[in-house]
Each structure stands twice: as structure tokens, then as C-alpha cells.
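First the structure, in the form of C-alpha cells, and then the observations on it.
Positions are given from 1 along the sequence. Reckoned from all heavy atoms, side chains included, excluding hydrogens, waters and symmetry mates.
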Amino acid sequence: MNALEQQIVEARAAFDHAVGGRDSDAAYKLLRELQREEQLRFALARGWRCTSRHISLEQLKAGMWIRTRPSAHDPEIDHAEFFVDGPLQRPQIAAIRSHTYASGEKVDAFAHRHGLRVEVLPFSSYIPNRTVAVVYTRKK
């Protein structure tokens, strides 16, 4: 576990302890700042950028910004983060990272069912030791 990940674990514990108390807002703000820093570092390490634009499964599979209908919620994609690469003017869809409660078997089956690659990460910044971070990318 690197230093930032350790800070997130400690900040999450502090927030969980402070919930409902007078320090809960400050604890949550610190936790979100650390999570955002981890997300930015994750993206940078892969040559991606974070985006607030929602990426659907259909868009990820197609690798492009196509019109899609809202889909049912899949528990394998929870607390999602979205990533793009390519030029700023024409970003290309890169990945969806999920912080899920689903088991590894369910994540693998979900990826197979949708024709996606999946990578299980060693650390989830959402709720460390309770959620599993996975990255879904399209098969090329």
C-alpha cells in the first residue's frame, strides 16, 4: 500500500467515526480530496484523463460516443469513474472503473457477458477492504 492509499484508509476510518458528529463535514471533504487525487494519479499512470461525462456500457464496447438508452443498474458497476484518452477536442472512451461489492466471479462473468476486458485492482479508494476496484475496457 502506498502513502496515498494509506491516507485514504485513515481518512475513511476518521469519516466513518465522525458521521453524524460536528467533524463529519471536514472528514468527508478530506476523504473526497484524497480519493480525487488517487483517481487523477490512476488516470495519469495509464495515459488517461478523468471525465465527468457518463460512459455507458454500450459506448465503452463501441469505443465511441454513440446515443444509448439508459440501462438497468448493474451491481458490477457501482461508484463508477469514467476515463478518456486522445486529444482534448475529441476525447476517446478509455475505461470505466467501478468500486463494487460484487465478487470476483460475478465481475468476471459480467465482463464476459458484455465482451469487455476486466482488471481487478489491488486497492479500492471508495471503501477500502469492503469494495473491490475493477477496470472495464473494451476488447480491441
Side-chain angles (χ1 to χ4, degrees):
M1 184 176 299
N2 66 40
L4 178 58
E5 292 168 350
Q6 184 61 43
Q7 287 179 303
I8 291 170
V9 169
E10 292 168 6
R12 183 69 204 201
F15 171 68
D16 289 346
H17 181 73
V19 169
R22 65 175 186 218
D23 297 329
S24 64
D25 287 345
Y28 180 74
K29 183 179 177 186
L30 174 61
L31 175 61
R32 290 298 299 140
E33 288 172 3
L34 293 168
Q35 288 170 329
R36 179 69 176 154
E37 177 64 24
E38 188 275 337
Q39 181 185 20
L40 292 170
R41 288 184 189 184
F42 172 80
L44 183 63
R46 291 171 181 248
W48 299 338
R49 294 183 311 281
C50 304
T51 183
S52 59
R53 189 171 174 186
H54 178 85
I55 298 171
S56 71
L57 283 175
E58 291 77 19
Q59 290 169 330
L60 179 61
K61 288 189 281 190
M64 62 180 80
W65 301 102
I66 57 175
R67 285 185 174 263
T68 60
R69 290 188 168 144
S71 59
H73 175 75
D74 292 299
E76 294 81 8
I77 297 186
D78 201 5
H79 313 292
E81 301 164 346
F82 308 105
F83 301 93
V84 295
D85 61 8
L88 290 174
Q89 299 82 6
R90 294 185 48 87
Q92 302 298 306
I93 294 169
I96 298 173
R97 180 168 71 164
S98 171
H99 300 272
T100 181
Y101 299 92
S103 69
E105 287 178 357
K106 288 185 178 183
V107 165
D108 287 340
F110 176 82
H112 180 74
R113 187 169 62 249
H114 290 283
L116 298 171
R117 287 186 186 158
V118 64
E119 176 187 358
V120 177
L121 302 173
F123 180 79
S124 172
S125 63
Y126 185 71
I127 304 178
N129 303 317
R130 291 201 16 226
T131 54
V132 176
V134 296
V135 178
Y136 297 103
T137 54
R138 73 184 185 98
K139 290 183 178 178
K140 297 180 182 182

Look up atom CZ in F15 and atom CG in L31, then write down how far apart they are to the nearest 0.5 Å.
-> 7.0 Å

Indicate yes or no for a side-chain donor-acceptor contact from S98 to the backbone of D78 under 3.5 Å, with no hydrogens or angles considered.
-> yes

What are the two closest heavy atoms between S24 and A18, and how far apart are they?
-> CB-O, 3.2 Å

Minimum heavy-atom distance V9-P128, with the two atoms named = CG2-CB, 3.7 Å

Counting heavy atoms not belonging to H17, are there more than 12 under 6.0 Å from its NE2?
-> no

Would you say the side chain of V118 lies within less than 4.5 Å of the side chain of F110, judging by non-hydrogen atoms?
-> no

Enter the distance from Y101:OH to Y126:OH here, rounded to the nearest 0.5 Å.
-> 5.0 Å

In Å and rounded to the nearest 0.5 Å, what is the NZ to CG distance from K61 to L116?
-> 6.5 Å

Any sub-3.5 Å donor-acceptor pair from R117's side-chain atoms to A111's backbone N or O?
-> no

W65 ring centre to R53 NZ or CZ under 6.0 Å, with the angle to the axis within 45°?
-> yes

State, to 0.1 Å, how close I93 and V84 come at their nearest heavy-atom pair, and which atoms those are.
-> CA-CG1, 4.4 Å

Is there a donor-acceptor contact under 3.5 Å from the side chain of E76 to the main chain of V107?
-> no

Is the count of non-hydrogen atoms from other residues, nucleotides or ligands lying under 6.0 Å from R113 atom CZ greater than 12?
-> yes

Rounded to the nearest 0.5 Å, how far apart are CD1 of I96 and CD of E81?
-> 11.0 Å

What do you reckon, is CG of N2 surrounded by more than 12 foreign heavy atoms closer than 6.0 Å?
-> yes

Start with the C-alpha gap between D16 and R12, add the side-chain angles, then the distance that decides, and say whether salt bridge (charged side-chain N to carboxylate O under 4.0 Å, His left out) holds.
-> CA-CA 6 Å; D16 289 346; R12 183 69 204 201; 3.2 Å; yes

Using the ring of F83 (Phe, Tyr or Trp, six-membered ring only), decide whether R46 places NZ or CZ under 6.0 Å from its centre and within 45 degrees of its axis.
-> no

Quick one: which of E5, H79, H99, R97 gives a side-chain hydrogen bond (donor to acceptor under 3.5 Å, both in side chains) with S124?
-> H99

Value rounded to 0.5 Å, distance of CG in D85 from CD in Q92 = 7.0 Å

Pair Q35-Q39, side-chain donor/acceptor within less than 3.5 Å = no

How far apart are the closest heavy atoms of E38 and S125, and which atoms are they?
-> OE1-OG, 3.4 Å

